Enquirer: 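The structure that follows is given in the form of structure tokens.
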Protein chains: 2
Amino acid sequence: MLFSKGGRNSRSVAPSPDSAYDQNLGFQGLDVMKFAAVDVRQAASAADIVYEALRKAIIEGEIAEGDSLRQEEIAQMFNTSRIPVREALSRLEQHGLITTQRYKGAVVAGLSIEEIDEIFEFRALIEAEVMRLAVPNLDRATLDRARGYCDAFDRETDPHRWGEINRQFHTTLYEAARRPYYLQNVQSSLDRIDRYLRAQLTFTNGVPRAGREHEAILAACEKGDADLAARLTRDHILDAGRSLMTFLRKHRG
Amino acid sequence: MLFSKGGRNSRSVAPSPDSAYDQNLGFQGLDVMKFAAVDVRQAASAADIVYEALRKAIIEGEIAEGDSLRQEEIAQMFNTSRIPVREALSRLEQHGLITTQRYKGAVVAGLSIEEIDEIFEFRALIEAEVMRLAVPNLDRATLDRARGYCDAFDRETDPHRWGEINRQFHTTLYEAARRPYYLQNVQSSLDRIDRYLRAQLTFTNGVPRAGREHEAILAACEKGDADLAARLTRDHILDAGRSLMTFLRKHRG
DNA sequence: GCATTGTATATTGGATCCAATTTTTCTATG
DNA sequence: CATAGAAAAATTGGATCCAATATACAATGC
């Protein structure tokens, strides 16, 4: 414990709405002034900030499975009280990223091999369907963006970035399906397994293969072949899952 | 606001572990004493109690979409402070049952017609697969239990009970799939749409049809026909969804 | 040396208080 | 009567304190 970069905040944790003002406030008089208004109703609370930082640290493996999360310690790192930390921890627990026991605090959750297997299977089912629904709606701009992520994945050498780029590649395509509820479930599943996925990519030299599979999926999308894109997505996920299972069986004893 | 039955708790909200003790503590001496130990680590916190009561009230429609949830009011009803209420509300928000805005409190979430449509579609995809995976593992005892819920659904005249019995019927069968992650997603989806499902059953006289469909699903399970059970489950859910869509389009203007 | 008991310390759960923000009410003005 | 502004009240977000529980350490007995 804990993640290396302490998120030390100032006393006021809500982001200042000044930035839009500072850049756009000129001396032109009110009637020609243009600025991007910031909706203050969506300003981040202390709990939001702590939640997001912890979530990121967990899914990127910066804090490991089994690590304890001490409320007071985290509160001090973020220069806030325990109350927002408790809310952040409660939210993390709802997402399955930590487990808590009454009076015994929070621990970063691990996943058993069976759980990982199931989540990959689940993803294959859901994401294949989302891909199928997305293909008819894909436009040039979206495909170009996905192409960018596909190339970036191939070029990236920092393992910490693989999960994020992989996610961006897939979700860029999936968004065309216009299925927010599905997508929320996909994001949630990815949060659960990202750290394991990175281990698989790293230790089984899985990046070149994943890159080729991304290429094939993207090609099917460019051809407008929804069934093929769905099948390739499904196989891509199931194969990654199998590879990870094999790796974990060897290294978990 | 609010639900009719106030959950007024005593000052101490943790359940007493005494009940097992009281019933089993005799004067036989310690070495022959038998009692069912209660794992106090799992004792419900105040937040747990408030969360469960609010969740139940929302999914059963006792508090309606758009209703405000006032922290202090709820805290008083449960005879506790606002802190556990805030945690309960945060948890409900993670599950999509309420929405909150900074400084403006919590409101029971509604679902748009598009969202409902998507969730039924999602359920059809997931539950068909779970049903398919479950069928090979179904034993006589499980089928008998499901038969019991199937019959109870047909007999039940209280609309408040339909959602619960419907859920019990389906999940009894699904559990044989041994897919806890899928099942968690099914439960979550059902929480989101149960109140709408009850409206559909009530106002479109959907109970007899649902009953027949349950019978057909159960018969396929008894025959061990996984593909048929999956298809019937999928159709059952999609048809219910369509019926509800039709109803809502007429009544939401 | 090991097991048990008692005490001190650490940590979590909830209560209460204060600060920040929103909503409602009241008053003044045209 | 309608509108604007000020003040009061309501509500939420977070800080601090207290109670409850768990963990660590020291003392004691076998």
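Letters A, B, ... are given to chains in the order of the sequence lines, protein chains preceding strands, and every chain is numbered from 1. Only this structure's heavy atoms are used, side chains among them; waters, hydrogens and symmetry mates stay out. These numbers come from a predicted model, not from an experiment.
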Enquirer: Return the polar atom pairs (N/O with N/O) between nucleotides 5-10 of chain D and the protein under 3.5 Å, or none.
Expert:
none

Enquirer: Using heavy-atom distances to pick each residue's nearest nucleotide on DNA chain C, tell me which of B:Ile83 and B:Tyr103 is more 5'.
Expert: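 Mapping each residue to its closest nucleotide by heavy atoms, the 5'-most match is B:Ile83.
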Enquirer: Atom CD of A:Glu87 and atom P of D:dG14: how far apart are they, to the nearest Å?
Expert: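 Rounding to the nearest Å, CD of A:Glu87 and P of D:dG14 are 7 Å apart.
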Enquirer: Does either side chain, that of A:Gln94 or that of B:His95, offer a donor lying less than 3.5 Å from an acceptor on the other one?
Expert: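 Side-chain D/A pair, A:Gln94 to B:His95: present.
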Enquirer: Over how many whole Å does the gap from B:Leu69 atom CG to D:dT12 atom P extend?
Expert: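 So the two atoms are 9 Å apart, to the nearest Å.
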Enquirer: Excluding sequence neighbours, so at least two apart, what forms salt bridge (charged side-chain N to carboxylate O under 4.0 Å, His left out) with A:Glu175?
Expert: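 Here no residue qualifies.
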Enquirer: Answer with yes or no whether the side chains of B:Gln187 and B:Tyr174 bring together a donor and an acceptor at under 3.5 Å.
Expert: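 B:Gln187 and B:Tyr174 do not have a side-chain donor-acceptor pair below 3.5 Å.
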Enquirer: Is it true that the side chains of A:Asn185 and A:Ser188 contain a donor and an acceptor less than 3.5 Å apart?
Expert: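 Short answer, no.
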Enquirer: Can you confirm whether the side chains of B:Tyr182 and A:Glu121 place a donor and an acceptor under 3.5 Å from each other?
Expert: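 The answer is yes; a qualifying pair exists.
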Enquirer: Take the protein atom CG of B:Asp48 and the nucleotide atom P of C:dG13, then report the distance between them rounded to whole Å.
Expert: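 It works out to 10 Å between those atoms.
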Enquirer: Is any NZ, NE, NH1 or NH2 atom of the basic residue among B:Arg91 and B:Asp48 found under 4.0 Å from an Asp or Glu carboxylate oxygen of the other?
Expert: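 Looking at B:Arg91 and B:Asp48, the cut-off is met.
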Enquirer: How close or far is atom C1' of C:dA20 from atom CZ of B:Arg102, stated in whole angstroms?
Expert: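 Between C1' of C:dA20 and CZ of B:Arg102: 9 Å.
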Enquirer: With no angle test and no hydrogens, is the base of D:dG14 tied to the side chain of A:Arg86 by a donor-acceptor pair under 3.5 Å?
Expert: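 By the distance-only test, no, there is no pair.
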Enquirer: Whether A:Thr80 contacts D:dA15 is assessed here as follows: a side-chain N or O lying under 4.0 Å from the phosphate OP1 or OP2. Is that the case?
Expert: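 So the side-chain polar atoms of A:Thr80 do come within 4.0 Å of the phosphate oxygens OP1 or OP2 of D:dA15, strictly under.
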Enquirer: Taking OP1 and OP2 of D:dA15, is either one under 4.0 Å from a side-chain nitrogen or oxygen of A:Ser81?
Expert: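 So the side-chain polar atoms of A:Ser81 do come within 4.0 Å of the phosphate oxygens OP1 or OP2 of D:dA15, strictly under.
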Enquirer: Provide, to the nearest angstrom, the distance between the CD atom belonging to A:Gln71 and the C1' atom belonging to D:dT21.
Expert: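 Result: 13 Å.
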Enquirer: Respond yes when some side-chain nitrogen or oxygen of A:Lys104 is under 4.0 Å from OP1 or OP2 of D:dT23, and no when none is.
Expert: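 So the side chain of A:Lys104 is within the cut-off, an N or O lying under 4.0 Å from OP1 or OP2 of D:dT23.
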Enquirer: Would you mind reading off the distance between B:Ile74 atom CD1 and C:dG14 atom P, rounded to a whole angstrom?
Expert: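 Answer to the nearest Å: 16 Å.
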Enquirer: Name all residues meeting the side-chain contact (heavy atoms from CB on, under 4.5 Å) criterion together with A:Ala106; count only those two or more places apart in sequence or in a different chain, and write none if there are none.
Expert: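 A:Ala106 satisfies side-chain contact (heavy atoms from CB on, under 4.5 Å) with A:Leu69, A:Leu89, A:Ile98, A:Thr100 only.
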Enquirer: Can you measure A:Phe78 atom CZ to D:dG14 atom C1' for me and round it to whole angstrom units?
Expert: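 Whole-Å distance recorded here is 16 Å.
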Enquirer: Can you tell me the distance, in whole Å, between the CZ atom of B:Arg82 and the C1' atom of C:dA15?
Expert: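 Distance check: B:Arg82 CZ to C:dA15 C1' gives 11 Å.
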